[in-house]
2 protein chains.
Amino acid sequence: MERLLQTVKIAINDKIYVKDPESSDLGKRIVEHSILMIDEIGFESFTFKKLGRKIDSNESSIYRYFENKHKLLVYLTSWYWGWLEYQLVFATNSISDPTEKLTKAINIVSKTVVQDNSFSHVNEVLLNKIVVNESSKSFLTKEVDEENKEGYFTIYKRMVNRLEEMIKTVSPKYEYPSSLASTVLESTLHQHFLKEHFPTLTNCNTSKTPGDFISDLVFKTLNQSNHG
Amino acid sequence: MERLLQTVKIAINDKIYVKDPESSDLGKRIVEHSILMIDEIGFESFTFKKLGRKIDSNESSIYRYFENKHKLLVYLTSWYWGWLEYQLVFATNSISDPTEKLTKAINIVSKTVVQDNSFSHVNEVLLNKIVVNESSKSFLTKEVDEENKEGYFTIYKRMVNRLEEMIKTVSPKYEYPSSLASTVLESTLHQHFLKEHFPTLTNCNTSKTPGDFISDLVFKTLNQSNHG
DNA sequence: CAAATATAATAGTAATACTATCATTATATG
DNA sequence: CATATAATGATAGTATTACTATTATATTTG
């Protein structure tokens with residue numbers, strides 16, 4: 001898997017950036033250290049000036065890659081979903097049994113991320129933390145419709161659609177396949193957040209994971225839809 | 001109901017504000033117009049200076065009520081959950097049948113909000129839109145643990161706990177009552193958002209509501225937990 | 001009416017979120 | 001190898017934000 005991924009590039013809509021950060025050393029350092037820095041100080045406190053200082057580069061140089069920090073966040077979350085999509089497709093492609101396939105898919109999207117050494121400039125563990133803590137801010141804006149039209153959220157939408165298709169295959173009669181699919185992703189992130197900050201609002205902890213909860217939720221729902 | 005509410009005040013943790021906005025005319029105008037303005041231009045573009053201009057008051061005067069716009073957002077969302085909690089308790093209190101009670105509760109928290117004239121300075125319809133579009137930003141911050149300790153999110157947590165208790169009563173054996181309760185609230189908001197901005201990611205539309213989806217999800221899950 | 005309180009007006013500061021210009025340093029190509 | 005081109009860095013500048021501080025002016029209340 002590592003070998004294969006080394007030749008793979010996560011394809012991000014080129015409207016999200018001014019210059020492809022994968023195309024240069026500076027670009028990769030911007031991505032690498034923005035992940036470290038956003039994780040460390042949070043998206044609100046993060047600025048291009050601070051990042052410039054950290055990577056011994058210049059604020060103005062960073063602006064040559066991303067218009068603003070919002071676009072950088074959209075880029076990072078897109079990258080994350082692209083990376084996860086790859087894992088998802090890779091891991092489920094060969095599975096023919098629909099239930100087993102969906103089980104595996106939920107497993108992939110909800111599991112705690114471990115370091116993947118295929119992309120040396122991206123720390124996937126921290127990026128996952130950023131997705132949990134900050135990614136909502138990438139679409140909860142006044143510009144969401146415009147940016148959606150420009151295709152900023154294509155990868156995320158494709159991810160939801162993949163889950164939707166799997167759900168439909170398991171339960172063709174179920175009435176809310178896309179709502180359930182979007183809930184799987186959103187709720188996974190939310191339960192991870194609650195586990196960390198609001199433990200009384202979740203039953204997820206070290207022994208029961210968000211993935212366990214979501215699997216239970218999805219299959220009880222679909223089971224009822226088939227035989228209820 | 002309107003009569004009764006006229007004598008009721010939504011009690012907000014007094015650490016959230018510097019001076020209680022309910023205690024003066026200016027305070028009420030701040031709340032009233034911040035709702036209109038955040039809805040109109042979004043939380044990112046909203047500033048106390050702009051609000052001051054709008055209500056013919058001064059930036060510095062607004063700072064005497066709220067330390068910053070973040071706290072104002074925490075106040076507004078707390079008010080919303082307090083208001084909704086009141087509706088929930090009022091509407092479910094007299095119901096003894098557990099299933100009927102939970103059905104009603106989900107109905108209350110997920111339905112499209114209509115104007116309530118009990119609080120003249122609060123436009124609940126717009127406030128609901130703000131909660132859908134902006135409320136995540138009130139807890140997705142680096143200060144969340146600190147603020148949680150200070151009790152900024154008490155009302156929201158109490159709301160989740162009320163749902164949790166109802167879920168437990170319906171299905172004492174179900175393993176994830178608090179996760180399901182928090183998912184009910186979060187997913188409701190998310191489905192309302194998707195309906196508006198990402199219609200391909202949800203089955204909710206004019207005929208099927210987020211409430212229908214959530215009810216279906218919850219009861220299929222709990223039903224399976226009882227008889228599965 | 002005096003005292004206290006609330007609000008308004010003004011000014012000021014450091015930081016943010018950029019844009020513009022020009023200098024310097026790599027790199028690519030002829 | 002020279003030189004054109006592109007990439008990066010350094011510096012400066014602007015409007016806005018997110019405040020704090022001070023002083024002046026209303027308004028309320030005792």
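Naming: A, B, ... by sequence-line order, numbering from 1 per chain.
- Residues E59(B) and T47(B) have side chains that never bring a donor and an acceptor to within less than 3.5 angstrom of each other.
- The aromatic rings of F193(B) and H197(B) sit tilted, their planes meeting at an angle between 30° and 60°.
- Between K49(A) atom NZ and dA14(C) atom C1' there is a gap of 11 Å when expressed in whole angstrom units.
- Ionic pairing of D14(B) and K19(B) is not present here: no N-O contact between side-chain nitrogen and carboxylate oxygen is shorter than 4.0 angstrom.
- Using the six-membered ring where Trp is involved, H190(B) and F139(A) have ring planes that are tilted, between 30° and 60° apart.
- When the nucleotides dC18(C), dA10(D), dA21(D) are ranked by their closest atom to the side chain of N58(A), dA10(D) comes out on top.
- Taking atom CG of L51(A) as the reference point, atom C1' of dC18(C) lies 15 Å away to the nearest angstrom.
- What separates CD1 of I55(A) from P of dA10(D) is a distance of 12 Å, to the nearest Å.
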Next on the checklist: Between F119(B) and W79(B), is the ring-ring contact (aromatic ring centres under 6.0 Å, His included) condition met? List the steps.
Outcome noted: CA-CA 11 Å; F119(B) 304 92; W79(B) 197 98; 4.9 Å; yes
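- Rounded to a whole Å, the CG atom of D56(A) is 21 Å from the P atom of dA7(D).
- Not less than 6.0 angstrom separates the ring centroid of Y17(A) from the ring centroid of Y65(A).
- Using a 4.0 Å heavy-atom distance criterion, S57(A) is classed as a sugar-phosphate-only contact.
- Side-chain nitrogen and oxygen atoms of K19(A) include none within less than 4.0 Å of the OP1 or OP2 phosphate oxygen of dA6(D).
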Could you pull out all donor-acceptor pairs under 3.5 Å where a side-chain atom in residues 25-43 of chain A meets a protein atom, sequence neighbours excluded?
residue: R29(A); atom: NH1; partner: I55(A); partner atom: O; Å: 2.6
residue: S34(A); atom: OG; partner: I30(A); partner atom: O; Å: 2.9
residue: S34(A); atom: OG; partner: V31(A); partner atom: O; Å: 2.9
residue: D39(A); atom: OD1; partner: K129(A); partner atom: NZ; Å: 3.2
residue: E40(A); atom: OE1; partner: K54(A); partner atom: NZ; Å: 3.3

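- Near DNA chain D, meaning a heavy atom under 4.0 Å from it, residues 61-72 of chain B has Y63(B), E67(B), N68(B), K69(B) in order of number.
- To the nearest 0.5 Å, atom CG of residue L194(A) and atom CG of residue N205(A) are 12.5 Å apart.
- Ring planes of Y80(B) and W83(B): tilted class, angle from 30 to 60°.
- A heavy atom lying under 4.0 Å from DNA chain D marks the following residues of residues 22-47 of chain A, by number: S24(A), L26(A).
- Atom pair R53(A):CZ and dT8(D):P shows a separation of 20 Å (rounding to whole Å applied).
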